[in-house]
A.B. asks: 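Questions regarding the structure given below will be posed in turn.
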Amino acid sequence: MSFRNVFAAARAFALVFFFALSGVLASSEPASALTAAATVRDGNSIQLGDVTYRLDGVDAPELDQVCIDDHADPWTCGIEARDQLAKLINKRSVRCDDVGPEKSFGKRHRAICTAEGDKASLNEQLVKLGFAVAREPIKANVKPAVAEAKSAAAGIWKGCFVAPQDFRAGKKDGALLGAACRPDRDKEIRAVLFPEELTMPPSCSIKGKLAVRARVTGNIGIYHLRGCPSYPATTKPDRWFCSEDDAQAAGFRKAYNCRRPK
């Protein structure tokens, strides 16, 4: 066999091997999309099977967060945001396209999610209703919806609130947002948005306290389970969580003297 024929045969073999290897690697990669019945965890988190996604580009009020409405009355905007997301889904199957890890929320990933039969994503629809603000990084097309909701004073924009990330961090001097924020009532408004005794949302009995010592382990706070020695001693919690997974995703670690109750 001539050198030219040997070279051609070797090149053909290399190409066949390359495409075969590519196929094996592609088949071994995890699925980037998942479609299933959805469980709404909060205003921007959806669970499909055993996977929990945060809606990419979306930051909704936390379940224990308080906002002020257009009548200057406090209301549980985080619970309303969760309920609005559930209404958008309306018991339909949801497809979530994974767009990358969420570094600030534990092992969860960010996703663009769409309910069966819809053209617009849940990310965009929730923001357009005014029950979430935009949050980086953003791959979902939500910025036009944010501008529209703000202009229309829709959802939480009709009243006064602080960005969810400021609420999570206990940043009491964070910017006030919404059409009903009054500069001459700044102190009174902040007292409502950051009450001394935060009301426990239904079925969310885990107490969270912001703590400087938690930063040693890369956290922002410590959570305490019902039945643990530290639970009754933890008064005026800064946060309430519905599950340990939610607490850990928010950057809280379990109290060292706390074990899961039997």
A.B. asks: Looking only at atom types and distance, does a side-chain atom of N90 sit under 3.5 Å from a main-chain N or O of R92, one as donor and one as acceptor?
C.D. replies: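 No, the answer is negative, given that no donor and acceptor are paired below the 3.5 Å cut-off.
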A.B. asks: If you look only at pairs with a residue in residues 198-217, which of them pass as a ring-ring contact (aromatic ring centres under 6.0 Å, His included), with sequence neighbours excluded?
C.D. replies: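 Matches after skipping sequence neighbours: none remain.
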A.B. asks: Could you work out the complete set of other residues in the hydrophobic cluster of V212, with links drawn between I, L, V, M, F, W and Y side chains under 4.5 Å apart?
C.D. replies: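 In the cluster with V212 there is nothing else; it is isolated.
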A.B. asks: How far apart are the C-alpha atoms of V58 and D56, what are their side-chain angles, what is the distance that settles it, and do they pass the side chain to side chain contact (heavy atoms under 4.5 Å, CB included) test?
C.D. replies: CA-CA 5 Å; V58 172; D56 176 68; over 6 Å; no
A.B. asks: Which other residues end up in the same hydrophobic cluster as I112, if Ile, Leu, Val, Met, Phe, Trp and Tyr are linked when side-chain heavy atoms come under 4.5 Å apart?
C.D. replies: V99
A.B. asks: If you count every heavy atom of other residues, nucleotides or ligands that lies below 6.0 Å from K128 atom NZ, does the total exceed 12?
C.D. replies: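 Not more than 12 within 6.0 Å, no.
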A.B. asks: Any pair with a residue in residues 63-80 that passes salt bridge (charged side-chain N to carboxylate O under 4.0 Å, His left out), sequence neighbours left out, goes on the list, sorted by first then second residue, please.
C.D. replies: D64-R239
A.B. asks: Is the distance between the ring centroids of F252 and F241 less than 6.0 Å?
C.D. replies: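 Under 6.0 Å, so yes.
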A.B. asks: Filter on salt bridge (charged side-chain N to carboxylate O under 4.0 Å, His left out), then keep only pairs touching residues 188-204, sequence neighbours left out; what's left?
C.D. replies: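 As it turns out, the salt bridge (charged side-chain N to carboxylate O under 4.0 Å, His left out) pairs with a partner in residues 188-204, which skip direct neighbours, are D186-R190, E196-K236.
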A.B. asks: Hey, does N44 have a side-chain heavy atom less than 4.5 Å from the side chain of Y53?
C.D. replies: no
A.B. asks: If you measure SG to SG, does C67 sit under 2.5 Å from C77?
C.D. replies: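 A disulfide is present here, as the SG pair of C67 and C77 is separated by less than 2.5 Å.
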A.B. asks: Applying salt bridge (Lys or Arg N to Asp or Glu O under 4.0 Å), name anything that partners R215, two or more places apart in sequence or on another chain.
C.D. replies: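 Residues passing salt bridge (Lys or Arg N to Asp or Glu O under 4.0 Å) with R215: none at all.
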A.B. asks: Identify whether NZ of Lys or CZ of Arg in K207 sits under 6.0 Å from the centre of the six-membered ring of Y231 and within 45° of that ring's axis.
C.D. replies: yes
